[in-house]
Number of protein chains: 2
Amino acid sequence: MAEDRVTQAVAVARELLEADGPDAVSMRAIADRMGMRAPSLYKHVPDKATLEVHLIAAALAELGQALRTDRGDLTSLAGAYRAWATAHPHLYTLATAQPLPRDRLPEGLEDEAAAPLLAACGGDQDRARAAWAGAHGLVSLELADRFPPDADLDAAWGAFVAAFSG
Amino acid sequence: MAEDRVTQAVAVARELLEADGPDAVSMRAIADRMGMRAPSLYKHVPDKATLEVHLIAAALAELGQALRTDRGDLTSLAGAYRAWATAHPHLYTLATAQPLPRDRLPEGLEDEAAAPLLAACGGDQDRARAAWAGAHGLVSLELADRFPPDADLDAAWGAFVAAFSG
DNA sequence: GGAGTGTAGCTAACACTGTTAGCCGAGGCA
DNA sequence: TGCCTCGGCTAACAGTGTTAGCTACACTCC
């Protein structure tokens, strides 16, 4: 019951975030959509940071799931990573831009999300981390419009995959 | 003269940012350190976003300069990139986390910053962008504490350089 | 030298943010 | 019936960026 209201708050926060970006996610906006005033929200949720932790957890879980659904080679993993991130740009950014609140996240979530890529790298942690960084870098630079407007991002992803396949 | 005050404001903003992080950079804090009240700051600077554009421009220029000072091979470029970013974590994050305000940045700044890496990749744009993404990904994940606490980041950087050297 | 004008400071205020304190009515329970 | 907790409310606080409007000083021009 009480649980219900916090999951509802998380869902509303996610809608606002995905639709209109991080600035649209205010406690007042969330409360409005739940039919109450902002201070009442604090009867269910301790603070905004907690909502964000839930969003981060959801993002990591979904991204991990997206990486688990395909063939498992680096090419398809890269495609799945990019596809999920660009489908949820604000959520992806929220989930990766700040330090991980590890102590407030479900146990093992981080490892689960990382597992597919680690497997594709034959268990080589260092290589997996470098590959993850490459994918994250490409995605976050793309989401932040950092590449020149005429840049061929497909080709850049191709070069990335090629580098890690050789 | 008027120019003086805006460069001073930028310098103060940078000090605050580098010392105490983005939350410490408020118009009131900047104005305080300049011996005036916040509204007076608007006699010299149109808004906070303008100050941030100046900070981004400075960051790109310095990072580009840092990449130009060494041997020019991928290994040393990677080292220089990581060194500059970790020496200026908040500034690096500010300069890379948001969409580039290209129309408000000095002409050619972006290309200049990218030139050394492009050269190291033998002029292959796609490869250079993938390599840039790799470096940026490693840096931003490191700055955001995303790697497990026991991760060997030197080894991850090594794997990254190895992938792009092969 | 007096008048006018632009510069650069000020205070007060607005709209917004997250958040806390304190009140109050409805429902469950002894 | 009395109590007590739950979940809503309003008012408020401290902070943010920012605007409006006032004022005092300095410089220029006649």
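Nothing here was measured: the structure is a model prediction, and the numbers come from that model. Chain identifiers are assigned alphabetically (A, B, ...) following the order of the sequence lines, protein sequences preceding nucleic acid strands; residue numbering begins at 1 within each chain. FYI, side chains are in, hydrogens and waters are out, and symmetry mates aren't considered; it's all heavy atoms of this structure.
- Between B:His136 and A:His136, the ring planes are parallel. Angles under 30° get that label, and only those over 60° would be called perpendicular.
- At whole-Å resolution of the value, CD1 in A:Ile30 and P in C:dT17 are 11 Å apart.
- In the set D:dT18, C:dG9, C:dA21, C:dG9 carries the atom at the smallest distance from any side-chain atom of B:Lys43.
- The distance between atom CG of B:Leu51 and atom C1' of D:dT16, rounded to the nearest whole Å, is 15 Å.
- The CE atom of A:Met27 sits 7 Å away from the P atom of C:dG18 (whole-angstrom rounding).
- For B:Met36 and C:dT11, the CE to C1' distance is 16 Å, given to the nearest whole Å.
- Across A:Leu77 and A:Ala120, no two heavy atoms sit closer than the pair CD1-CB, 3.5 Å.
- Classification of the B:Trp157-B:Phe160 ring pair by plane angle, with boundaries at 30° and 60°, yields perpendicular.
- Residue B:Val25 is classed as a sugar-phosphate contact, given heavy-atom separations below 4.0 Å to backbone atoms only.
- Ranking C:dG9, D:dC9, D:dT18 by closeness to the B:His44 side chain, first place goes to C:dG9.
- With hydrogens and angles ignored, a donor-acceptor pair under 3.5 angstrom links the side chain of A:Arg28 to the base of C:dG18.
- Taking for each of A:Asp23 and A:Pro46 the nucleotide of DNA chain C with the nearest heavy atom, the 5'-most of the two is the partner of A:Asp23.
- Among the heavy atoms of the strands lying under 4.0 Å from A:Ser26 are primed sugar atoms or P, OP1, OP2 only; no base atom is included.
- Rounded to a whole Å, the CG atom of B:Leu41 is 12 Å from the C1' atom of C:dG9.
- Both A:Tyr42 and B:Ser40 sit near DNA chain C, but only B:Ser40 has its closest nucleotide nearer the 5' end.
- Atom C1' of nucleotide D:dT19 and atom CG of B:Asp47 are separated by 13 Å, given to the nearest angstrom.
- Rounded to whole Å, atom P of C:dA8 lies 13 Å from atom CD of B:Gln8.
- In this entry the distance linking CZ of B:Arg37 with C1' of C:dG9 reads 10 Å, nearest Å.
- Of all heavy-atom pairs between A:His90 and A:Glu18, the closest is CD2-O, 3.9 Å.
- Side-chain to base pairing of B:Lys48 with D:dG17: no donor and acceptor N or O lie closer than 3.5 Å to each other.
- In the hydrophobic clustering of this structure, B:Met34 groups with B:Leu17; members are Ile, Leu, Val, Met, Phe, Trp, Tyr whose side-chain heavy atoms approach within less than 4.5 Å, directly or through other members.
- In the set D:dT18, C:dG18, D:dC9, D:dT18 carries the atom at the smallest distance from any side-chain atom of B:Ala38.
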